[in-house]
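Everything below concerns the one structure shown next.
Only this structure's heavy atoms are used, side chains among them; waters, hydrogens and symmetry mates stay out. This one's a predicted model, so the numbers in the text were calculated from it and none came from an experiment. Residue numbering restarts at 1 for every chain, and letters A, B, ... go by the order of the sequence lines.
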Amino acid sequence: MIRNRLKQSVCALALLSCGHSLAHAGDFNFSGFMSIGGGFVDDESARSYAGYAEEDITFDNSLLGIQFSSDIANELTATVQLTARNTDGFKVEAEWAYVSWQATDESTVRIGRLRTPFYMYSDYLDVGYAYPWIAPPNEVYYLPFNNVNGIDLYTTGTLGSFDTTMQVYFGSFTDELNERGVDIEAKTRNQLGFAGTLAKDWWTFRAAYHMAKLSINLEALPDVPELLQTLQGAGFSRNADRFRIDEDDAKFIELGLNIDTGTFVAAAEHVELRFEDETLYADNIRQFVMLGVRTGDWLIHLTASKADDEASNLSQGIPVTPQTAELIAELNAQAAGEANKRDVISLGTRWDITAGTALKFQYSDVDRDGQKRQKVYAFALQTVF
Amino acid sequence: MSKFKAIIAAIGLILAPIAAFAEVVVVVHPSVAFDSMSADEVSRLFLGKSKKFPDGSTAFPLNQDEGMTARETFNEKICKKNASQYKAYWSKLVFTGKGTPPKDAGDANAVKALISSNPNMVGYIDSSLVDASVKVVFKLK
């Protein structure tokens with residue numbers, strides 16, 4: 001057992017010390033990243049926050065990623081990025097798997113499994129080394145699906161003295177989603193999105209817009225079948241239909257700003273997820289602002305983030321009478337359960353031990369609407385190679 | 001005596017960085033059609049924001065290996081990034097398929113040898129190594 005452990009550590013060390021960082025030999029590229037982290041909370045009776053749930057310190061927030069790419073012909077490259085997470089029992093998953101065609105110096109077409117460009121940090125969401133925090137603010141970076149199977153066009157250019165990038169994609173995904181302890185199927189079809197950035201010197205502005213037909217069957221959630229029976233029995237089948245998100249139009253909007261002068265860093269992002277019709281799901285309105293100072297190998301940052309969801313009106317159309325009061329209350333409770341109201345302040349440090357390895361600590365104060373405050377302490381050692 | 005030692009040490013500290021900052025120059029093949037580049041043009045090539053020389057021909061930037069003094073100097077002054085920031089910058093592009101960093105080609109002599117045999121390559125070397133096999137297009141101040 002010990003020998004086995006030792007072997008594993010030696011393998012890990014060999015990976016870590018793989019001298020040729022972001023190595024590329026000939027037309028075959030290999031690179032990787034790793035995050036070993038954990039933390040604890042001061043109140044484990046509260047809901048777990050961003051994967052941290054216990055009062056005792058755990059080292060359970062780790063992930064390993066490796067990426068291979070190989071030129072398969074002139075201007076054609078195949079890329080696969082595999083990640084394994086502690087939280088998924090280190091099950092290996094392909095976050096990216098695509099063939100790209102460098103159409104011109106300024107434009108690339110990619111086809112396959114891509115990372116959906118929802119956010120400013122979406123592209124390198126798993127590469128903690130690339131940003132200040134252990135993970136980007138949970139209030140904004142909350143979407144359970146970060147990938148899309150499809151095709152995209154990525155172009156770079158200049159506009160006067162600004163550098164621009166543009167990404168347009170079309171695709172779909174089908175995945176399992178764990179909602180209130182129940183696994184349910186979720187899928188998008190006709191998912192179409194656009195993301196653009198405008199950059200100059202030390203600042204970058206980003207905007208993105210996505211739309212899709214979203215289907216998630218919520219009828220199997222706890223307590224919901226009984227509720228639906230009551231609704232249908234009372235003739236409110238339209239209200240019951242709201243638990244079946246069936247090809248509903250959803251849209252996602254993002255605005256982001258990133259500043260890095262070398263000494264001062266700042267970032268801000270605002271996102272909105274909105275559903276065309278009333279469904280069980282709330283409209284999500286989320287944002288964060290981060291300010292930081294870099295001195296030598298240290299970065300200290302302060303982040304305020306906010307979830308300010310708008311609960312949907314599930315009981316819309318049901319006349320208010322003494323007989324329906326209980327039903328309306330139950331529907332409102334269901335809708336409120338999906339709407340997050342939360343303010344989080346976090347203070348973090350990043351220490352660049354060497355080029356390619358950073359040690360991070362983060363303290364977060366989580367203030368949920370109407371609940372006791374919770375403090376979360378986290379750390380991570382993050383590396384790229 | 002101890003004061004004297006401290007003064008010597010202080011002078012050493014002041015002089016050390018000056019000695020380390022021997023002049024670094026950006027070089028290309030002698031046959032290329034242009035004679036100079038701006039700091040911005042050089043930086044755009046080495047940060048993957050541009051893939052072409054001022055005359056429109058394709059450019060392959062070469063890095064010296066990690067740990068080389070010239071590389072640190074070049075990245076600080078031209079790319080405006082220290083070693084960690086430089087690494088973070090490229091990891092944002094590498095893991096998204098949006099860019100590949102300049103190849104690490106070895107030490108200054110290895111870089112010079114590659115450039116002297118390929119008109120599409122560009123790199124930086126210590127000015128003391130410059131001879132007829134390469135052409136200087138930019139001098140780091």
| Closest non-hydrogen atom pair between B:Phe95 and A:Gly32, with its separation | CZ-O, 3.3 Å
| request: Measure A:Tyr154 against the heavy atoms of chain B and call it side chain, backbone, both or neither at under 4.5 Å. | output: side chain
| remark: Closest non-hydrogen atoms of B:Thr96 and A:Arg110, given as atom of the first, atom of the second and distance, are O-NH1, 2.7 Å
| Testing B:Lys49, B:Lys52, B:Lys51 for salt bridge (Lys or Arg N to Asp or Glu O under 4.0 Å) with A:Asp105, which one passes? | B:Lys52
| request: Please tell me if the side chains of B:Arg44 and A:Asp163 come closer than 4.5 Å, counting only heavy atoms from C-beta onward. | output: yes
| message | Please check: side-chain N/O of A:Glu106 versus main-chain N/O of B:Ser50, any donor-acceptor pairing under 3.5 Å? | response | no
| request: Check whether any side-chain N or O of A:Tyr129 sits under 3.5 Å from a backbone N or O of B:Ser84 as a donor-acceptor pair, and report yes or no. | output: yes
| message | Within a 6.0 Å radius of atom CZ on A:Phe145, are there more than 12 heavy atoms belonging to other residues, nucleotides or ligands? | response | yes
| Rounded distance (nearest 0.5 Å) linking atom CG of A:Asp260 with atom NZ of B:Lys81 | 7.0 Å
| said: Salt bridge check, A:Asp123 against B:Lys92: does any charged N sit closer than 4.0 Å to a carboxylate O? | reply: no
| More than 12 foreign heavy atoms under 6.0 Å from CH2 of A:Trp298: is that the case here? | yes
| query | With only heavy atoms counted, which part of A:Gln382 is less than 4.5 Å from chain B, the side chain, the backbone, both or neither? | reply | neither
| field | Structural part of A:Thr158 lying under 4.5 Å from a heavy atom of chain B | value | side chain
| Under 6.0 Å from the CE atom of A:Met166, do we count more than 12 heavy atoms belonging to anything else shown? | no
| request: Decide, yes or no, whether a salt bridge links A:Asp352 with B:Lys87 under the criterion of side-chain N to carboxylate O below 4.0 Å. | output: no
| query | In Å and rounded to the nearest 0.5 Å, what is the OG to OH distance from B:Ser91 to A:Tyr131? | reply | 10.5 Å
| said: Tell me if the CZ atom of A:Phe90 is crowded by more than 12 foreign heavy atoms within 6.0 Å. | reply: yes
